[in-house]
S.K.: 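This is the structure I want to talk about, given as structure tokens.
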Amino acid sequence: MLTPVTDADGAPFWEYAAQGELRVQACADCAELRFPPRPCCPHCQSFASEWRAVSGRGRIWSYVVPHPPLLPAYAEQAPYNVVVVELEDAPRIRLVGNVVGRAGDALNSLDPGRLRIGARVHVVFAGGLPQWVLS
């Protein structure tokens with residue numbers, strides 16, 4: 001499995017994920033939530049930020065099942081899904097991930113035929129990585 005590449009702006013996201021928390025960056029001045037993390041608020045141009053917990057509930061906004069797998073490291077797990085999840089409490093934020101049967105399952109643990117645009121999901125964590133399960 002690939003591990004995330006972190007930078008100074010995004011490192012807190014992964015630190016919280018390692019603790020089993022889904023948090024997103026927020027502007028400390030105008031309160032606008034944003035993702036991906038960045039140093040400056042795109043709404044008010046403030047450099048003040050904080051990390052806010054979100055519910056981890058969302059819906060599948062889009063998905064693909066790569067054929068053949070796009071990354072050689074994932075070839076053994078094909079077919080697997082890659083989803084874009086729109087967060088329920090921050091609908092302008094969409095996160096990329098995978099829907100699995102339960103936390104820690106292989107990427108191919110869910111029949112891709114069960115995925116639908118709009119399906120409700122919630123976040124689970126395995127090894128510090130967020131994954132999604134159908135709600």
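Hydrogens, waters and symmetry mates are skipped; everything else that's a heavy atom, side chains included, is used. Numbers here are sequence positions counted from 1.
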S.K.: So, for N108 and P79, which heavy atoms are closest and what is the spacing to 0.1 Å?
M.R.: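 Distance-wise, the nearest heavy atoms are CB-O, 3.3 Å.
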
S.K.: Compare all side-chain heavy atoms of Y63 with those of V82 and state whether any distance is below 4.5 angstrom.
M.R.: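 No; the side chains remain at least 4.5 Å from each other.
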
S.K.: Looking only at heavy atoms, which two atoms of H43 and C30 are closest? And how far apart?
M.R.: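 Minimum heavy-atom contact is CB-SG, 4.3 Å.
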
S.K.: What's the verdict on side-chain contact (heavy atoms from CB on, under 4.5 Å) for W132 and V124, showing C-alpha distance, side-chain angles and the deciding distance?
M.R.: CA-CA 6 Å; W132 302 93; V124 292; over 6 Å; no

S.K.: Using 0.5 Å steps for rounding, measure from the SG atom of C27 to the CG atom of L33.
M.R.: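 One gets 10.0 Å once the value is rounded to the nearest 0.5 Å.
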
S.K.: Indicate the atoms forming the closest heavy-atom contact of Q131 with V100, along with that distance.
M.R.: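 Heavy atoms of Q131 and V100 come nearest at OE1-CG2, 3.7 Å.
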
S.K.: Measuring from atom CD1 of I60 to atom CG of L115, what distance do you get when rounded to the nearest 0.5 angstrom?
M.R.: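 These two atoms lie 5.0 Å from each other.
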
S.K.: Using a 4.5 Å cut-off on heavy atoms from C-beta on, say whether the side chain of Y16 contacts that of P130.
M.R.: no

S.K.: Measure from the side-chain N and O atoms of D7 to the backbone N and O of G10, and report whether any donor-acceptor pair falls under 3.5 Å.
M.R.: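 It does hold such a pair.
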
S.K.: Is the backbone N or O of G113 less than 3.5 Å from a side-chain atom of R116, with the two atoms forming a donor-acceptor pair by type?
M.R.: yes

S.K.: Does a salt bridge link E32 with R92, judged by any charged N lying under 4.0 Å from a carboxylate O?
M.R.: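 Salt bridge flag = yes for R92 with E32.
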
S.K.: Locate the shortest heavy-atom distance separating V121 from S135; write the atom from each residue and the value.
M.R.: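 Scanning both residues, the minimum pair turns out to be C-OG, 3.3 Å.
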
S.K.: Would you give the length of the straight line joining atom CG of L110 to atom CG of L134, rounded to the nearest 0.5 angstrom?
M.R.: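 The CG atom of L110 sits 5.5 Å away from the CG atom of L134.
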
S.K.: For residues W51 and F47: do they belong to one hydrophobic cluster (side chain heavy atoms under 4.5 Å, members Ile, Leu, Val, Met, Phe, Trp, Tyr)?
M.R.: no

S.K.: Please say which of E21, Q19, Q25 ends up in a side chain to side chain donor-acceptor pair (under 3.5 Å) with R23.
M.R.: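 By the side chain to side chain donor-acceptor pair (under 3.5 Å) criterion, R23 pairs with just one of E21, Q19, Q25: E21.
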
S.K.: Please say yes or no: joined through hydrophobic side-chain contacts below 4.5 Å, possibly via intermediate residues, are V5 and W14 part of one cluster?
M.R.: no

S.K.: Any chance you could lay out the side-chain contact (heavy atoms from CB on, under 4.5 Å) test for L22 and F125, step after step, and finish with the verdict?
M.R.: CA-CA 9 Å; L22 186 62; F125 295 90; 4.0 Å; yes

S.K.: Got more than 12 heavy atoms from elsewhere within 6.0 Å of CZ, R114?
M.R.: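 Open.
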
S.K.: With distance as the sole test, does N81 use its side chain to make a donor-acceptor pair with the main-chain N or O of V99 at under 3.5 Å?
M.R.: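 Here the side-chain-to-backbone pair exists.
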
S.K.: Any idea which heavy atoms bring S49 and R34 closest together, and the distance?
M.R.: CB-NH2, 3.4 Å

S.K.: In Å and rounded to the nearest 0.5 Å, what is the CG to CZ distance from L87 to R57?
M.R.: 10.5 Å

S.K.: Taking everything shown except R38 itself, do over 12 heavy atoms lie less than 6.0 Å from its CZ?
M.R.: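 Enclosed: over 12 neighbouring heavy atoms sit under 6.0 Å from CZ of R38.
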
S.K.: Contact between E86 and V84 at the side-chain level, heavy atoms closer than 4.5 Å - yes or no?
M.R.: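 No; the side chains remain at least 4.5 Å from each other.
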
S.K.: Test side-chain contact (heavy atoms from CB on, under 4.5 Å) on W61 and I117 and set out the steps.
M.R.: CA-CA 6 Å; W61 189 79; I117 301 296; over 6 Å; no

S.K.: Would you give the length of the straight line joining atom CG of N98 to atom CG of D105, rounded to the nearest 0.5 angstrom?
M.R.: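 Going from the CG atom of N98 to the CG atom of D105 covers 11.5 Å.
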
S.K.: Is any side-chain heavy atom of L129 closer than 4.5 Å to a side-chain heavy atom of P4?
M.R.: yes

S.K.: Quick one, V133 with H122, criterion side-chain contact (heavy atoms from CB on, under 4.5 Å). Give me CA distance, side-chain angles, the key distance, then yes/no.
M.R.: CA-CA 6 Å; V133 295; H122 64 274; 3.1 Å; yes

